[in-house]
Q: 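Have a look at this one before I ask anything.
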Amino acid sequence: DLDHGLGAAAEADHELLTEILQPDGDPPQDSYSTMVFRKLLDSEDYRLRFLGILQELMNATLATDRVHRFLDAQVALLEAEIPRHREHWDLAYAGPWSEHVAAVRDFADQRSPLLRAGAMTVFGLADTLRFTLDIQPPAAGSVGLRAIQVDSTWQAILFAGVPVDLEALPAPGWTFGHWSGGELPDEARVTLIPDEELTVTAHFLPAPQVIINEVNYHSADDFDAGDWVELHSRALAPLDIGGYVFKDEDDDHEFTIPP
């Protein structure tokens, strides 16, 4: 419900977070309306999750340039129909449509910095920092966060000390290699707690074209299918695996595949 959104009922500097956290607020933010949210914020885990999602959305879905692009697309879609719409519903009293569009643009320009500052005050956060997330090689994969998925270089302003969950998601034909920046372990899913300006890069490697698809050993006495291994090629063209070596933990136990 956006009746109160995008500057329609309140200016960009409206401190909504402060308002809805008051236990004795006025309608529509009275105590029973805000109780669930206020109680959830008693949990530190929920507070950090809320702040994590908030900062992601302000830097992605609700980023100023994206809101402008989305608004431009909607204006182009609707503009020709607006005169008929206003005439049908006798909306002359509402003022020119262009003024409403301009008001949404102004709100988009102003809201994120004000909301960010308000969240820092409400939650006692000390600082923000610049954060860059990169992917190498380009198009080799993406990185999933709490609420968004990043598939190219992403620059953001984050709250210092608020955990950032990252999950490396390889594209088909690729596998996760390692992270650089942030002293992160070489695991696909990690949590970063940023405390300074930082660039983190997810590095991906070409996935092996040949994988062990199935293994059979130590068959049942009454159904001895032998010991064997099945290899699967993910290559799109014929692949020569001559020279591949198959062995166990004993280096003397090896089989070299012929040409």
Side-chain angles (χ1 to χ4, degrees), residues 40-41 43-63 66 116 119-120 123 125-217 229-236 239 241 244-251 254:
L40 285 170
L41 288 176
S43 161
E44 181 181 7
D45 180 66
Y46 183 86
R47 288 198 303 274
L48 293 175
R49 287 176 179 271
F50 173 78
L51 288 167
I53 292 173
L54 178 66
Q55 66 184 1
E56 288 178 23
L57 296 181
M58 284 195 293
N59 286 287
T61 309
L62 301 177
R66 184 183 183 277
R116 186 176 290 112
M120 292 178 68
F123 293 98
L125 303 175
D127 202 1
T128 61
L129 53 87
R130 294 192 175 276
F131 175 74
T132 301
L133 182 60
D134 202 5
I135 294 167
Q136 291 296 331
S142 60
V143 177
L145 289 87
R146 291 185 187 273
I148 64 172
Q149 188 166 319
V150 175
D151 57 11
S152 59
T153 301
W154 182 59
Q155 295 180 323
I157 299 174
L158 302 184
F159 300 122
V162 172
V164 179
D165 290 342
L166 304 173
E167 181 178 6
L169 304 168
W174 294 84
T175 187
F176 171 66
H178 68 281
W179 302 96
S180 62
E183 299 182 355
L184 297 171
D186 292 336
E187 300 172 359
R189 299 182 67 176
V190 295
T191 297
L192 170 73
I193 302 179
D195 58 3
E196 61 182 355
E197 185 171 320
L198 184 64
T199 296
V200 170
T201 302
H203 297 268
F204 296 92
L205 301 171
Q209 294 297 292
V210 177
I211 61 173
I212 297 175
N213 191 54
E214 196 169 359
V215 173
N216 188 79
Y217 72 100
V229 59
E230 179 179 284
L231 303 180
H232 172 69
S233 171
R234 297 190 290 192
L236 299 180
L239 185 67
I241 61 172
Y244 278 40
V245 177
F246 183 78
K247 63 182 180 180
D248 60 19
E249 71 273 7
D250 186 336
D251 287 344
E254 68 176 34

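Just so it is clear, the model here is predicted, and its values are computed rather than measured. Residue numbers run from 1 in the order of the sequence given.
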Q: What do you reckon, is CG of Leu239 surrounded by more than 12 foreign heavy atoms closer than 6.0 Å?
A: yes
Q: What pairs of residues pass the side-chain hydrogen bond (donor to acceptor under 3.5 Å, both in side chains) test when at least one of them lies in residues 176-196, not counting sequence neighbours?
A: Asp165-Thr191, Ser180-His203
Q: Quick check on Ile212: does its CD1 atom have over 12 non-hydrogen neighbours (other residues, nucleotides or ligands) under 6.0 Å away?
A: no
Q: Who pairs with Ala139 by side chain to side chain contact (heavy atoms under 4.5 Å, CB included), at least two apart in sequence or on another chain?
A: none
Q: Could you tell me the separation between the NE2 atom of His232 and the CD1 atom of Ile211, rounded to the nearest 0.5 Å?
A: 5.5 Å
Q: Taking only residues two or more places apart in sequence, or in another chain, which ones meet Ser142 in a side chain to side chain contact (heavy atoms under 4.5 Å, CB included)?
A: Gln149, Asp151, Leu169
Q: Identify each donor-acceptor pair in which a side-chain atom of residues 155-162 lies under 3.5 Å from a protein atom, sequence neighbours left out, and give them as a table.
A:
none

Q: Please name the pair of heavy atoms, one in Leu198 and one in Gly182, separated by the smallest distance, quoted to 0.1 Å.
A: CD1-N, 3.7 Å
Q: Roughly how far apart are Trp174 CH2 and Ile135 CD1, rounded to 0.5 Å?
A: 12.0 Å
Q: Is there side-chain contact between Phe123 and Leu54, with heavy atoms separated by less than 4.5 Å?
A: no
Q: Return the OG1 to CZ distance between Thr199 and Phe131, rounded to the nearest 0.5 Å.
A: 8.0 Å
Q: Quick check: does any side chain N or O of Arg234 sit under 3.5 Å from a backbone N or O of Gly173, one acting as donor and the other as acceptor?
A: no
Q: By side chain to side chain contact (heavy atoms under 4.5 Å, CB included), which residues pair with Ile193, not counting sequence neighbours?
A: Pro163
Q: Excluding sequence neighbours, so at least two apart, what forms side chain to side chain contact (heavy atoms under 4.5 Å, CB included) with Glu254?
A: Val245, Lys247, Thr256
Q: What heavy-atom pair brings Thr61 and Arg66 nearest, and what distance separates the two atoms?
A: O-NH1, 3.0 Å
Q: Roughly how far, to the nearest 0.5 Å, is the CG atom of Leu145 from the CG atom of Leu166?
A: 5.5 Å
Q: Would you say that more than 12 heavy atoms from the other residues, nucleotides or ligands in this model lie under 6.0 Å from the CD of Glu214, or not?
A: yes
Q: What residues form a side-chain hydrogen bond (donor to acceptor under 3.5 Å, both in side chains) with Asp127, not counting sequence neighbours?
A: none
Q: Can you list every pair that meets side-chain hydrogen bond (donor to acceptor under 3.5 Å, both in side chains) and has a residue in residues 45-59, with sequence neighbours left out?
A: Asp45-Arg49
Q: Indicate the atoms forming the closest heavy-atom contact of Phe176 with Ala168, along with that distance.
A: CD1-CB, 3.3 Å
Q: Kindly determine whether Trp154 and Ile148 satisfy side chain to side chain contact (heavy atoms under 4.5 Å, CB included), including the steps that lead there.
A: CA-CA 11 Å; Trp154 182 59; Ile148 64 172; 3.7 Å; yes
Q: Excluding sequence neighbours, so at least two apart, what forms side-chain hydrogen bond (donor to acceptor under 3.5 Å, both in side chains) with Thr153?
A: Asp134
Q: If I take atom OH from residue Tyr244 and atom CG from residue Leu231, how far apart are they, to the nearest 0.5 angstrom?
A: 9.5 Å
Q: Check whether any side-chain heavy atom of Leu51 sits under 4.5 Å from a side-chain heavy atom of Leu125, and report yes or no.
A: yes
Q: If a pair satisfies salt bridge (charged side-chain N to carboxylate O under 4.0 Å, His left out) and one of its residues is in residues 197-212, list it, with sequence neighbours excluded.
A: none
